[in-house]
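Please read the structure below before turning to the comments.
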Amino acid sequence: MKKRYQVLGMILLIICSVIYDYQKPEEIEEETVELSYVTLEGEFNTTGNYEFEGQLTISELIDEVGVSDEANLEVLDLDKVVEDESRIYLPPKNDNAISLNSATLEELMTLSGVGEKTAQKIIDYRETTPFECLEDIMNISGIGEKTYLNLREYLCL
C-alpha cells in the first residue's frame, strides 16, 4: 500500500510538473525608445555626439543645443531633417567664403587643392543638383573627406 501511494504521488508530481511547464508565460511589454545621434562640429555650443529622440530638423536642433555668435547659419538648410548618424559642421562667419551654389570658376580655383577641372566638376554638379549642405561637395569626383575637411571653413552655400 505504501508503494501505491508513492507511485500515485510520483504520477501527481509529474502531472503538476507538465502542467506548470506548459503555462503560457506573461508577455512583458517594454517601452523601447529609439535614440538617434548626430555628430556636431564647429560653432555649436555643444559639440561631439548629440543624442535625440524621434525626428528633428536642423532648426530644432539649433534651438536645443545653441550656436555661438560667430556661427554662419547661412551654410545650413534649417528645414532639413537631421539624419541618424550624420555629421553636421557649422563654420564660423567668413566674409571671404566661397559659395558652392554661385561661385565662378575662377573663385572656386582660389580654394586650396581645387584646380580648373575640379572647379568645373563643381559647377557641372550644381547645375543638375544644387548643394544642400557643405558635405555634398564630397559627391564630386576627386574630393574626399580629407579635402572637404581642409575646405569647409572657406565654403558656404
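- Taking CG of L111 as the start and CG of L155 as the end, the distance is 5.5 Å to the nearest 0.5 Å.
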Under 3.5 Å, which donor-acceptor pairs do the side chains of residues 130-140 form with other protein atoms, sequence neighbours left out?
{"unit_1": "E135", "atom_1": "OE2", "unit_2": "Y148", "atom_2": "OH", "d": "3.1"}
{"unit_1": "D136", "atom_1": "OD2", "unit_2": "E132", "atom_2": "N", "d": "3.0"}
{"unit_1": "D136", "atom_1": "OD2", "unit_2": "C133", "atom_2": "N", "d": "3.4"}
{"unit_1": "N139", "atom_1": "ND2", "unit_2": "Y125", "atom_2": "OH", "d": "2.9"}
{"unit_1": "N139", "atom_1": "ND2", "unit_2": "D136", "atom_2": "O", "d": "3.4"}

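- The distance from atom CG of L105 to atom CD1 of I122, rounded to the nearest 0.5 Å, is 9.5 Å.
- Under a cut-off of 6.0 angstrom, the local environment of NZ in K117 is sparse, with at most 12 non-hydrogen atoms contributed by other residues, nucleotides or ligands.
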Let me check something: any side-chain donor-acceptor pairs from residues 35-47 under 3.5 Å, sequence neighbours excluded? List them with distances.
{"unit_1": "T39", "atom_1": "OG1", "unit_2": "N49", "atom_2": "OD1", "d": "2.8"}
{"unit_1": "E41", "atom_1": "OE1", "unit_2": "R152", "atom_2": "NH1", "d": "2.8"}
{"unit_1": "E43", "atom_1": "OE1", "unit_2": "S68", "atom_2": "OG", "d": "2.5"}
{"unit_1": "N45", "atom_1": "OD1", "unit_2": "S68", "atom_2": "N", "d": "3.4"}

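- The minimum heavy-atom distance between L149 and R87, with the atom names listed, is CD2-NH1, 4.3 Å.
- Here the CD atom belonging to E64 is positioned 11.0 Å from the CD1 atom belonging to I62, to the nearest 0.5 angstrom.
- A distance-only check finds a donor-acceptor pair linking the side chain of S86 to the backbone of E83 [under 3.5 Å].
- Side-chain heavy atoms closer than 4.5 Å link hydrophobic residues (I, L, V, M, F, W, Y) into clusters, and following such links, even through other members, never connects Y89 to V81.
- Note that the CG atom of L76 and the OG1 atom of T57 stand 11.0 Å from one another [nearest 0.5 Å].
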Chi angles and distances behind the side chain to side chain contact (heavy atoms under 4.5 Å, CB included) call for L61, I88:
CA-CA 11 Å; L61 176 70; I88 301 174; 3.9 Å; yes
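- Note that CZ of R126 is 15.5 Å distant from NZ of K121, once rounded to the nearest 0.5 Å.
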Side chain to side chain contact (heavy atoms under 4.5 Å, CB included) evaluation trace for N150 with S112: CA-CA 8 Å; N150 290 332; S112 175; over 6 Å; no
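- Interatomic distance, CG of N96 versus CD of E107, reported as 11.0 Å (0.5 Å rounding).
- Heavy-atom contacts from other residues, nucleotides or ligands closer than 6.0 Å to CD of Q120 number more than 12.
- Around the CD atom of Q55, the shell of radius 6.0 Å holds no more than 12 heavy atoms that belong to other residues, nucleotides or ligands.
- Here the closest non-hydrogen pair linking M109 and A119 is CG-CB, 3.8 Å.
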